[in-house]
**Q** 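Input: one structure, supplied below.
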Amino acid sequence: MEGWDADVAPTTPWWADAVVYQIYPRSFADSDGDGIGDLAGIRSRLDHLRTLGVDVLWLSPVYPSPQDDAGYDIRDYQGIDPVFGTLEGFDELLADVHAHGMKLVMDLVVNHTSDEHAWFEESRASKDSPKRDWYWWRPAREGLEPGTPGAEPTNWGSFFSGSAWQLDDATGEYYLHLFSRKQPDLNWENPEVRQAVCAMMRWWLDRGVDGFRMDVINMISKDPALPDAHVVGSGGLFADGGAYYLCGPRIHEFLQEMSREVFTGRPELLTVGEMPGVTVDEARLFTDPARREVDMVFQFEHMGVDQGLTKWDHHPLKLTDLKATLARWQAGLADVGWNSLYWNNHDQPRVVSRFGDDGEHRVRSATMLATVLHLHRGTPYVYQGEELGMTNAPLRSVDELRDIESINHYRQEVAAGRDPEQVLASIRPMARDNARTPMQWDASPHAGFTTGTPWSEVNPNYTEVNAAAETADPDSVFHHYRRLIALRHSSRTVVLGDFTLLLHDDEQVYAFTRRLGNEELLVLGNFSGSDAEVELEGWEGSELVLGNYREPAEGLGLRPWEARVHRREVGR
Ligand code: ISL
C-alpha cells in the first residue's frame, strides 16, 4: 500500500493537514462556579480555539464516572457526568463546534470500565452471571488462600502501583485491572463485549461526533492463558506483564472488526489509537490504510527518553536520543501509514519544563519546541495550555497531588520506608498533575478558570502566562502556534514532504529537511540557552519562512533556544 505521497496519492485524507487540540474538560473552563470545568465552559471558549486555527477538538472523557481516574473509569458510556453537563448540553456543544468549522472527537475508554458500571456489577454478582465472562475472573493461585500474599492469579503489577488483581468478596475470585482497582478490564475474547462496544460507538457517531481517540487500545487483546511475567532485576513485588497484553494475539482482528462494524460508510472520521509500547513495525500495520484499523497511533518512545526503568527515575534529556527516536518513526511510517505528533497530553509533564527552559527562556524554548514538532510529517496534537507555554505545577506538598497514579506511588514508597521529601521530589518532574492544573485564561483570580475554588491549584505564574496577555502580544507562544498551524494549512511540503534528519550527532541542534517536488524546507532548533554554530551547505541566503526571533539572524547559527524554518528551490 502506498503512503500519502502527493505524486501517488493526490487526494490525501482530510486529517493529513489537520491540527488536533486536546481539551481536558475538568481543567479547561468552569461555567457554574463549582471549581470543575464543564461543557458550557468549553462552549464559551470556542473563539480562542478558532483563532488558534485548530481543526479538531478531542475531549477527554465526560461520561458519568466515579472519577477514580479522572473520568477514565466510566460508569455509563452513553451519558454525560452531571459535573460536566447534560446530553442536551453536549449536543449544543457539538453543534457549536461544527458551526465554528471544527470537528469533535470523543475519548473511547473500552479496555476497562468503572467497577460501578452496570456490566461489572452484574458480572461480579455470581459465578454464573450471564456477564461473568465479560471481565477477567480467576481463582487464587493454586494451593494458596485467596487474599494471602502471592495468591494473586498472576504476578502482574498495575500501572497505578500494587497488583493488577483484586479479590472480590462476593465470589472469592480475583478480577484483572491493569489500572486502578476501580477499572476492571473487559474481556474482549467475548463477542458480546465487542458487540456492545460497537453499538455504543455507533450511537455516538449517529449523534454526530467525528471520531474517537482510543484509550490504551493496544491492551484489549490479552494472552488468554494469562502467564506470569518474567521478573526483571530484583524488581518489586509485582512484575510487568506487558508481554501478554500489549499488541496481543487478536489485536489486529479486533480493530478490523470494529472498523467494519462501526466505520463502514462513514469516511470523514478520525481514529487515533493510544498505544503504550507500540513498535514502528506494529504501527505500520495499525495505520496502513489498506488494513482499515486506525488512522494513526500515539506511540510513546519519545516520551521515554528522559527516564530509566520507571517514569519516576527521571534524568535530563540527551538530544541525540530524542532525534534518533523521532527520526526512526518518521522513516518507519514514510511509505505506509501516518504519524501523530505530540509533546503533551493530560498524562505528560509540560514540555517547556521538560525539554525546554521554563524560566528565563520560557517563550523562546516553548516556541522552538513547537516549531520542531509541527514541522515533522504527521498530525500535530496541541494539549490545552501548550499554546500558552504553560509550565509544570510547583507541587509544593503532597496535598497538591490529585492524580491516583502519583498518590498511590507516593503512599507505596513512603510505606516502604523511603524519605517522603525524596519521594515527592521524584514525583515532581513527571507527575500527570503537572498537565492538569487549570487553564490560564487571564490575570483575574484563579486565572479566570472559575469563580469558585478550583479542584486543582492554579499555577501561580498565571498572572504572566495567560491567554488574554498572549493574544494581545504578537510575539507570544500563542501567536507562534497560530503561525505554525497556518503554515501547515498552506504548505503541502509541511504536510507531505519527505523527512531527512541532519546533524545526527549534535547534542545542541535539532536539524532536518522536508522536501516535496522542487521545494525544500530546513528546520533548525537550538535545544540550549547558548549560541550554536550551524554549518550546512547551500542554505546561506535562503528565504526565512518562520522564526522565533524578531531580529534577523546572521548566517545559519542559532541564538539561545532559537528556531528557524528556511526555504529553497531545488532541482527535481
Ligand atoms: O500515564 C502514564 C504514564 O505513567 C501511562 O502509563 C498511562 O497510564 C497510559 O499512557 C495510559 O493512559 C490512558 O489510560 C489510562 C488513563 O489513566 C490515562 O489518563 C489515559 O490517557 C487508563 O484509562
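In each ligand, atom 1 is the first atom listed, and ligand 1 is the first ligand listed.
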**Q** Just heavy atoms, cut-off under 4.0 Å: does Trp312 contact ligand 1 by side chain, backbone, both, or neither?
**A** neither
**Q** How far is atom 3 (C) of ligand 1 from its nearest protein heavy atom, and which residue and atom is that?
**A** Lys311 NZ, 3.4 Å
**Q** How far is atom 16 (C) of ligand 1 from its nearest protein heavy atom, and which residue and atom is that?
**A** Asp69 OD2, 3.3 Å
**Q** For residues 188-198, which residue pairs qualify under salt bridge (Lys or Arg N to Asp or Glu O under 4.0 Å), counting only residues two or more places apart or in two chains?
**A** Glu189-Arg250, Arg194-Glu257
**Q** Heavy-atom contact under 4.0 Å between Met219 and ligand 1?
**A** no
**Q** Do His252 and Glu293 pair up side chain to side chain, a donor and an acceptor below 3.5 Å, judged on atom types alone?
**A** yes
**Q** Show the atoms of ligand 1 that are less than 4.0 angstrom away from any heavy atom in Phe160.
**A** 17 (O)
**Q** Run through Lys311, Arg411, Arg436 and flag the one making a salt bridge (Lys or Arg N to Asp or Glu O under 4.0 Å) with Glu405.
**A** Lys311
**Q** Tell me whether the NZ or CZ atom of Arg207 lies within the 45° cone about the ring axis of Trp203 and under 6.0 Å from its centre.
**A** yes
**Q** Among all the protein's non-hydrogen atoms, which is closest to atom 12 (O) of ligand 1, and how far away is it?
**A** Glu274 OE2, 3.1 Å
**Q** Can you find a side-chain donor-acceptor pair between Thr437 and Asn459 that sits under 3.5 Å?
**A** no
**Q** Does some non-hydrogen atom of Arg213 fall short of 4.0 Å from ligand 1?
**A** yes
**Q** Can a non-hydrogen atom of His112 be found less than 4.0 Å from any atom of ligand 1?
**A** yes
**Q** Enumerate the atoms of ligand 1 whose separation from the nearest heavy atom of Phe300 is less than 4.0 angstrom.
**A** 10 (O)
**Q** Within 45° of the six-membered ring axis of Trp14 and under 6.0 Å from that ring's centre, is NZ or CZ of Lys103 located there?
**A** yes
**Q** Honestly, is Arg138 close enough over Trp165, meaning NZ or CZ under 6.0 Å from the six-membered ring centre and within 45° of the axis?
**A** no
**Q** Could you pull out all residues at least two apart from Arg292 that satisfy salt bridge (charged side-chain N to carboxylate O under 4.0 Å, His left out)?
**A** none
**Q** Atom CD of Gln22 and atom CG of Asn344: how far apart are they, to the nearest 0.5 Å?
**A** 9.0 Å
**Q** Are the aromatic rings of His112 and Tyr72 close, with centres under 6.0 Å apart?
**A** no
**Q** For this output row, return yes or no: ring centroids of Phe449 and Phe28 closer than 6.0 angstrom.
**A** no
**Q** Who's the nearest protein heavy-atom neighbour of atom 20 (C) of ligand 1, and how far?
**A** Asp215 OD1, 3.0 Å
**Q** Got the closest protein heavy atom to atom 7 (C) of ligand 1, with its distance?
**A** Asp347 OD2, 4.0 Å
**Q** Identify the protein heavy atom lying closest to atom 6 (O) of ligand 1, giving its residue, its atom name and the separation to 0.1 Å.
**A** Phe159 CD2, 3.7 Å
**Q** Between Glu405 and ligand 1, which part of the residue brings a heavy atom under 4.0 Å of the ligand: side chain, backbone, both or neither?
**A** side chain
**Q** Counting heavy atoms only, which part of Arg436 comes closer than 4.0 Å to ligand 1: side chain, backbone, both or neither?
**A** side chain
**Q** Using a distance threshold of 4.0 Å (strictly less than), state whether atom 18 (C) of ligand 1 has a protein heavy-atom neighbour.
**A** yes
**Q** What are the atoms of ligand 1, with element, lying closer than 4.0 Å to any heavy atom of Arg432?
**A** 1 (O), 8 (O), 16 (C), 17 (O), 18 (C), 19 (O)
**Q** At what distance is the nearest protein heavy atom to atom 11 (C) of ligand 1, and which residue and atom is it?
**A** Val216 CG1, 3.3 Å
**Q** Please list the nearest protein heavy atom to atom 15 (C) of ligand 1 with its residue and the distance rounded to 0.1 Å.
**A** Phe179 CE2, 3.8 Å
